[in-house]
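These notes are about the structure you will find just below.
Order of listing sets the numbers, starting from 1, for every ligand and every atom in it.
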Amino acid sequence: MAQKVHIERLKLTGFRNYASQSLELDARHVVLVGDNGAGKTNLMEAVSLLSPGRGMRRAPYSDVIKAGSEPASGFSIFASLEGMAGPVDIGTGVDGLEESGARKVRINGSPARSADDMLEHLRLLWLTPSMDGLFTGSAGDRRRFLDRLVLSVDPAHGSRALSYERAMRSRNRLLSEGRADPTWLDGLEAQMSELGVAMAMARSEVVRLLSALIDDSQAESPFPAASVRLEGFLEDEGLETASDMEVAFIDLMKHGRGRDAAAGRTLSGPHRMDLVVHHRAKAMPAALSSTGEQKALLIGIILGHAQLVRSLTGHAPILLLDEVAAHLDEGRRAALFDLIETLDCQAFMTGTDAAMFGSLGPRGQMFEVSEGRATPRREAAS
Ligand SMILES: Nc1ncnc2c1ncn2[C@@H]1O[C@H](COP(=O)(O)OP(=O)(O)OP(=O)(O)O)[C@@H](O)[C@H]1O
């Protein structure tokens with residue numbers, strides 16, 4: 001049986017309201033308790049930067065560097081963990097504001113080839129209050145959410161999506177400048193179709209596996225089952241294979257050049273896909289569900305996905321659940337704790353009231369957070 005993936009030591013320097021903070025952790029869940037504005041989410045955000053991208057707040061690095069620090073200083077996050085390939089040290093940060101465009105990543109002391117290398121050691125999934133409007137918000141936010149799910153089972157997805165974006169930006173530029181050499185466009189469109197179809201297929205596969213998993217676990221889960229599907233890219237064409245899809249997408253782009261030139265952007269493609277979620281039992285779009293039901297649906301999706309990551313990689317992801325416990329009644333909260341235990345995930349959870357985590361008992365490691373300091377809480381929550 002593989003060791004549980006978990007962070008054992010975490011050190012933040014110059015990050016948000018943390019001047020310098022070290023935490024010694026064990027394989028239990030990490031509970032961060034404190035008043036509003038204490039620094040609970042900041043600490044979780046630091047953990048989220050142990051994955052590629054801008055972390056769970058998607059903040060520019062200039063925002064996360066501790067305010068009031070010397071202009072030349074940056075921030076750093078260091079974690080020692082029991083990772084997917086054994087013990088590993090991961091460090092990340094920026095040296096100063098002037099360099100805040102590029103985040104450095106070091107693995108076991110050596111510079112990583114790219115931030116994607118962190119995915120060899122841990123997978124992270126998060127649920128934050130800013131995701132509350134996911135079902136009613138923009139398709140772009142849902143795509144980003146979906147892409148993070150895909151990335152956690154398919155590490156190549158990030159660089160594929162980035163290359164697709166780059167090729168699409170070049171195509172848009174060429175078309176709007178009106179100097180589109182057809183041979184150049186042919187080349188860009190061929191590249192876009194190969195990358196775009198691979199991207200769309202990776203998304204479809206994850207949605208398919210997630211749906212199957214939700215089907216299987218529906219009966220035991222205290223969270224309402226969601227039905228998830230994708231729309232917005234070639235879904236009505238009945239195309240079976242990747243090469244059929246590539247041909248169809250090339251055709252779509254070729255015939256859409258005039259329309260896209262007028263619009264100044266590419267109007268069809270996997271960058272327009274949307275994740276459509278329904279509340280199964282109520283046979284109703286998730287966007288029409290109550291706020292509490294939407295939260296519960298999201299929790300169900302994240303837990304289902306955690307199970308998927310575990311079954312595909314052999315290792316459970318680390319979960320970051322910001323302000324989740326407070327939204328659940330006692331029974332669902334206890335069920336959530338039990339589920340993440342069964343999944344063998346290390347979970348970071350926040351709340352303003354220690355009593356909310358009472359049913360976690362000794363399975364939780366609790367820290368009191370106040371003004372950018374986290375201190376272990378000795379007594380068990382009452
Ligand atoms: N770059 C920064 N430098 C210093 N302090 C910062 C920086 N960015 C944010 N903060 C401070 O961090 C605090 C917010 O911390 P955080 O979001 O972690 O709160 P929280 O404990 O999760 O609270 P809540 O329960 O309200 O969500 C605020 O006081 C904010 O001013």
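Residue Val369 does not touch ligand 1, judged by heavy-atom distances below 4.0 Å. If you look at Glu45 next to ligand 1, there are no close heavy atoms at all, none under 4.0 Å. Here Asp322 has no heavy atoms under 4.0 Å from ligand 1, in either its backbone or its side chain. The part of Ile65 lying near ligand 1 is the backbone, judged by heavy-atom distances below 4.0 Å. Residue Arg57 touches ligand 1 through its side chain alone, judged by heavy-atom distances below 4.0 Å.
Atoms CZ and CD, from Arg373 and Gln21 in turn, are 4.5 Å apart once rounded to the nearest 0.5 Å. Note that CE of Met192 and CD of Glu246 are 12.5 Å apart. Values are rounded to the nearest 0.5 Å. In this structure, CZ on Arg203 lies 11.5 Å from CG on Asp154, to the nearest 0.5 angstrom.
Distances from atom 20 (P) of ligand 1 to the protein include at least one heavy-atom value under 4.0 Å. Protein heavy atoms are found inside the 4.0 Å sphere centred on atom 4 (C) of ligand 1.
Both cation-pi conditions hold for Arg54 and Tyr61: the charged atom is under 6.0 angstrom from the six-membered ring centre and inside a 45 degree cone around its axis.
No hydrogens or angles considered: a donor-acceptor pair under 3.5 Å links the side chains of Thr266 and Arg171.
When hydrogens are left out, the protein atom nearest atom 22 (O) of ligand 1 is Thr41 OG1, 2.5 Å; that is the closest non-hydrogen contact. For atom 15 (O) of ligand 1, the closest non-hydrogen atom on the protein side is Asn42 ND2, 3.1 Å. Closest to atom 27 (O) of ligand 1 among all protein heavy atoms lies Glu323 OE2, 3.0 Å.
In this structure, of Gly37, Gly34, Gly39, the residue bringing a heavy atom nearest to atom 23 (O) of ligand 1 is Gly37. Around atom 25 (O) of ligand 1, the closest heavy atom drawn from Glu371, Lys40, Arg16 belongs to Lys40.
Contact check on Asp89 versus Lys11 returns no salt bridge, with no Lys/Arg side-chain nitrogen under 4.0 Å from an Asp/Glu carboxylate oxygen.
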Item to complete: Give the C-alpha distance, both sets of side-chain angles, the deciding distance and a yes or no for side chain to side chain donor-acceptor pair (under 3.5 Å) between Asp244 and Thr241.
Response: CA-CA 5 Å; Asp244 287 349; Thr241 66; 3.3 Å; yes
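The aromatic rings of Phe15 and Phe75 stand perpendicular to each other, their planes meeting at an angle above 60°, with 30° marking the opposite boundary.
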